Every structure is written in structure tokens, then in C-alpha cells.
Amino acid sequence: MWYLFVLATNVGNAGEAVIKPSVDAVAAWLALTEESTRLEVLRRKPQLMFTAGLPGAMPVHVRADLLRAYVERYGQDGWCRAGIGHGKMLQIAHPELGPVVQELWDRAYRGYEAREVLLELIWLTPLPDCADLALAALQDTALDIGHLTDAARCVLAVGNTDAKEMLKNMGLAHELPQPIIRYILPELFSNVLSNDEFLALIDSLEEVPGTVHGLGYAIYCAVKSVQQDAGVLRDRLVAAIWDRRTEGTHIYEAQSSSSHYVEGLFELCLSTIPPEGRADPVSGWALAVTTHFGERRGSIIARQEVKALDVALEARSDLRKAYFWAYIQLSDHLEGRETDWERFIRGTSETRRGASIVDGDQGWLLNSLRDGPETGIAYHALVYFFDVRSDQALANDIRNRIADRPDLLEHLDAIAQPTHSAVLSLPSASSQGLRRAKSPRFAKQHTLSQRLWWGTGG
């Protein structure tokens, strides 16, 4: 056809046949319906039919011709930046291409780009009749990490039980490079790993610092597939972080050798939120450890989960209660038990996120005013976050519940009915802290996501 002179040319001393880059898209579209154009495109630049035009509209026999032309062109070459990409491969993928892949495999395997296209086609289609090819590639130690990863994904997508079991054992025995194990960890966990095997495997892997695509990200992606025993897995990851905390770690800078589990734990904490009104100390402890040992400003990877947890905590008093007492417990473990005021202020100011107290939490705080270790902390929370000077009903309720605590009664009277000398003598708060504590607006602003950083003086 005459327009082939517009689309194609020969360049260089050798007269290499090429498609003019300025008309790539036109050539690809014409190749869908014009056989003469398609033959020229397949001869000169076969990858064009993957990347331009409308690949998904090609009949199966044209897709087969495209694969043959691509392997003919790149079956002997090393890496030459002709990569197609998963999105385009999915448009080409068709279950009837399995025999074509088998036909081309031996020749394609010698070329980097051609081998990559066939491996991705087996994985993405998927092509079960090519499982043996993928399994053989997986055991080829001469392949680079990228193609070994593709082969592993092929085995997980199309392999039988024995093939998947072999892949699992290779991972557990570290017979595959760690980057490959990290890349396939989500699919490996959802297909063949038990919870115990998953935990053993991630415990044996090393985190890659300074990247969002390391082991932490792999764990985060993997736990999204958990359907059963998510709470059990959450608690075991929490225990691993806690048990492996760095010696001498403090509430304001908690460190653990397993802190990279945190991204996955944000997902698990969200997926295991107890039903309304049934938040318990275990779920509160999981959230406290997860947020405290994580990044100081949240999680880049699990940012959506962090936002969702913020919303849940803001909406539910029972979650705030479990979360608050867990933070106090965390502070007691890391800093030692101090006075009630010091324990309270650490639990709300020096933790990674302040334990939020908002309007609506008076009920469970009042119920905690009993003769026990929580009494003093609950009392300080009530007088710090709520205006007991203006709300005499609340002040009287507190007074009746702490009748056997003269120290707290004296403190309450100094706040609810202050004199100048009484305010100056209060040991637990500066006058600035009292002004802030008495502001209803201040109390309402203490959400998890705002992360206020108060001084110990209030």
C-alpha cells in the first residue's frame, strides 16, 4: 500500500527497517485491519502492537503472530528496553495462547525480553498448561531476580499443589534470594503459607532500611488476604514487636527490632476492630503498641488505615477507653510506675499519639473512680479535660466517688472552688495548664490524628 512509505523507512548504513516514531500510533491502528501494514509492523517493530493501538481487539491468531514476531526479533538478545508492561500484557493475554507459548519457549528463553514476555503471559493470563515451563525457570539459578520472581508468580498462579509446596519450601529454606521472597510474600501467604509459617518466614527476613518497598510493605500487602484468625495473627505480631523492644527504650522513642511489622498491624487492627461496645483491653493494647512503635507521624504505607482508625476512635467511646488504658499500661512498662499525675500526663502527652479524651468519655472515667490503680488517673483525666468548675454536677459526682481519697478531694476543691493560694499550690498543673484544661474547645480537639505534644506541666 502507498501509505507504507509514510509509515516505514530504512535507516543507517545497514538500512535497518523501522517504523517512523512520529507515526507509531497510526501504524498500530492500521495494523489491526490492514494485513499488509500488520506484516510490516511485525517485521520492523513488533512491540508496537503491544503498546499502541488497541491490543485487546486483536483476534487470537493475530496475537499468536505477534508473539512469534516478537520472539523472532528478541529471542537472541539481552536486555534492550523493549519491555511491554503488565497492563499491556493483560490486553494480549488469552487462554488459547498456551500452545503458542510452548512452541516458542526454547527459543524465547535465550533472549531477555522474549523470555520476560512469555513468563508474564503465563502468570497474568494464567496458562495452566505452561506450569512445567515456569517450574523449570524457577529452578534456573542463572536467571536474574526479576525473571525468577516472575517464575515464582507463575508457579503460584498456575502450579499444582506439589509445585506450590516446593516453592514454599524454597522460601522457608532461603533457597531463593530475599528480594524474591519479599516480592512474592503476599501471594505466597494467600496460597500456601500457614500463619505459623508466615511468622517464621518474616522473622527470618531482613528489613531494607530507607524504602517503602521493603519487608514492611510486603507484610502489609500479605495480611490484607487474611480471612481467618486475623486477631490471632495481630496479637502475635504485637507480641513480637513488644518482646523485641530495644533495651532501655522509652515511651517517647520506642524502638524494636520488629518495628517493620507495624504497617501490617495497622491493617490488622482495622480489620479486627471489635463490634460496637465490645472493645477490650487486648484490642486496645494492639493499637497502642502498633501506633507507638510506628513512625512518629503515622505510616506512609498504611496511611488510609491510620485515617480509618482515627475515625473509629473519634466515633466510639469504648475504643477510646481501651486505647487510653492501654497507653497508660505502655507507659508504666517503659517508664515505671510514678505518681498518678505523672502516669496520666505521660499517657496523654509523651506517647507517640496522645490518648484521646473527648466529650462523651465522662461515663467510663467516672466508673473508673474506684479503689484501685486506675482511680487517680481517671480523676486527673476528668479534671484535666472537663470543666469541673462550671459543671458542678460533674464535680459533685466525682466528689461522691472519691470520698475515701482525701488527697483527691482536696485537689478537686482547689480546682472547682479555687482561691488564689490554692491554685498556686497545686502540684500537678501550672496555671496555663488549668486554663487549657478548663476550655471545652481544648477537650474536643484531642483526637488521635492531631497528635498534640504537651509539656508535663500541662
Side-chain angles (χ1 to χ4, degrees), residues 42 46-51 55-56 58 60 63-171 175-188 190-192 213 218 221:
L42 292 177
Q47 66 269 31
L48 190 59
M49 294 188 68
F50 281 106
T51 58
M58 290 188 294
V60 175
R63 302 182 197 203
D65 289 342
L66 171 57
L67 289 176
R68 292 186 180 102
Y70 192 86
V71 170
E72 178 70 26
R73 181 68 179 269
Y74 295 108
Q76 303 292 332
D77 298 333
W79 182 62
C80 51
R81 304 180 68 180
I84 305 304
H86 294 168
K88 296 299 182 181
M89 287 301 304
L90 281 168
Q91 294 184 57
I92 297 295
H94 194 283
E96 294 180 19
L97 291 175
V100 180
V101 171
Q102 292 175 325
E103 167 198 329
L104 299 173
W105 182 258
D106 288 340
R107 180 166 185 182
Y109 199 79
R110 297 192 293 268
Y112 187 94
E113 304 291 348
R115 180 173 63 239
E116 183 169 274
V117 162
L118 296 194
L119 281 170
E120 291 182 351
L121 200 60
I122 295 171
W123 165 38
L124 295 170
T125 305
L127 297 174
D129 48 343
C130 297
D132 58 323
L133 305 178
L135 189 59
L138 180 63
Q139 299 173 79
D140 183 355
T141 57
L143 293 187
D144 69 357
I145 285 179
H147 287 181
L148 281 173
T149 302
D150 287 342
R153 285 173 168 156
C154 289
V155 170
L156 288 169
V158 304
N160 58 26
T161 301
D162 290 339
K164 292 178 181 179
E165 190 71 15
M166 188 190 80
L167 174 59
K168 179 186 77 172
N169 292 334
M170 290 175 69
E175 293 174 7
L176 295 171
Q178 287 204 22
I180 296 177
I181 300 174
R182 290 198 302 270
Y183 294 151
I184 66 171
L185 185 63
E187 297 102 312
L188 204 59
S190 62
N191 277 273
V192 292
H213 295 291
C221 294

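When a residue number appears, it is its place in the shown sequence, counting from 1. From a predicted model like this one, the values you see are computed outputs, not experimental measurements.
Looking at every heavy atom in both residues, L67 comes nearest to V100 through CD1-CG1, 4.2 Å. When all heavy atoms of L148 and A137 are compared, the closest pair comes out as CD2-O, 3.6 Å. Nearest heavy-atom pair, A93 versus R63, reported as atom, atom and distance to 0.1 Å: O-NH1, 3.3 Å. Closest approach of Y74 and Q47 over heavy atoms only: OH-NE2, 2.9 Å. Closest non-hydrogen pair, A114 versus G75, comes out as CB-CA, 4.0 Å. Summarising the geometry of M49 relative to I92, their closest heavy-atom pair is O-CD1, 4.5 Å, with the distance given to 0.1 Å.
Only one option out of D129, T125, L127 pairs with V101 in a side-chain contact (heavy atoms from CB on, under 4.5 Å); it is L127.
At a threshold of 4.5 Å between non-hydrogen side-chain atoms, the residues L135 and M166 count as touching. With contacts defined as side-chain heavy-atom distances shorter than 4.5 Å, the pair Y109/L119 does not qualify.
The pair E103-R68 meets the salt-bridge criterion, with a side-chain N (NZ, NE, NH1 or NH2) lying under 4.0 Å from an Asp/Glu carboxylate O. Salt-bridge check for E120 with R153: failed, with every basic side-chain N at 4.0 Å or more from each acidic carboxylate O.
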Give the intermediate values and the outcome of side-chain contact (heavy atoms from CB on, under 4.5 Å) for residues V192 and L167.
CA-CA 9 Å; V192 292; L167 174 59; over 6 Å; no

Before you tell me yes or no, could you show the steps for L188 and Y183 under side-chain contact (heavy atoms from CB on, under 4.5 Å), namely the whole-Å CA-CA distance, both residues' side-chain angles and the distance that decides it to 0.1 Å?
CA-CA 9 Å; L188 204 59; Y183 294 151; over 6 Å; no

Check the pair R107, E72 against side-chain contact (heavy atoms from CB on, under 4.5 Å), reporting the backbone distance first and the verdict last.
CA-CA 8 Å; R107 180 166 185 182; E72 178 70 26; 2.8 Å; yes

Checking V158 against C130 for the side-chain contact (heavy atoms from CB on, under 4.5 Å) test, could you report, in this order, the C-alpha distance in whole Å, the side-chain angles of both residues, the deciding distance, and whether it holds?
CA-CA 8 Å; V158 304; C130 297; over 6 Å; no

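A side-chain N or O of H147 and one of R115 form a donor-acceptor pair less than 3.5 Å apart.
A donor-acceptor pair is defined here as one N or O able to donate and one able to accept, closer than 3.5 Å; such a pair exists between the side chain of S190 and the backbone of E187. Not a single donor-acceptor pair under 3.5 Å links the side chain of E113 to the backbone N or O of Y70.
Summarising the geometry, atom CZ belonging to F50 is positioned 4.0 Å from atom CG belonging to L66; distances are rounded to the nearest 0.5 Å. The structure places NZ of K168 at 3.5 Å from CD of E165, a figure rounded to the nearest 0.5 Å. One distance of note links CD1 of I84 with CG of L121; it measures 11.0 Å at 0.5 Å rounding. Atom CH2 of W123 is separated from atom CG of L156 by 10.5 Å, given to the nearest 0.5 angstrom. In this structure, L138 CG and D150 CG are separated by 11.0 Å, a value rounded to the nearest 0.5 Å. Rounding to the nearest 0.5 angstrom, the gap separating the CD atom in Q139 from the CG atom in L176 is 10.0 Å.
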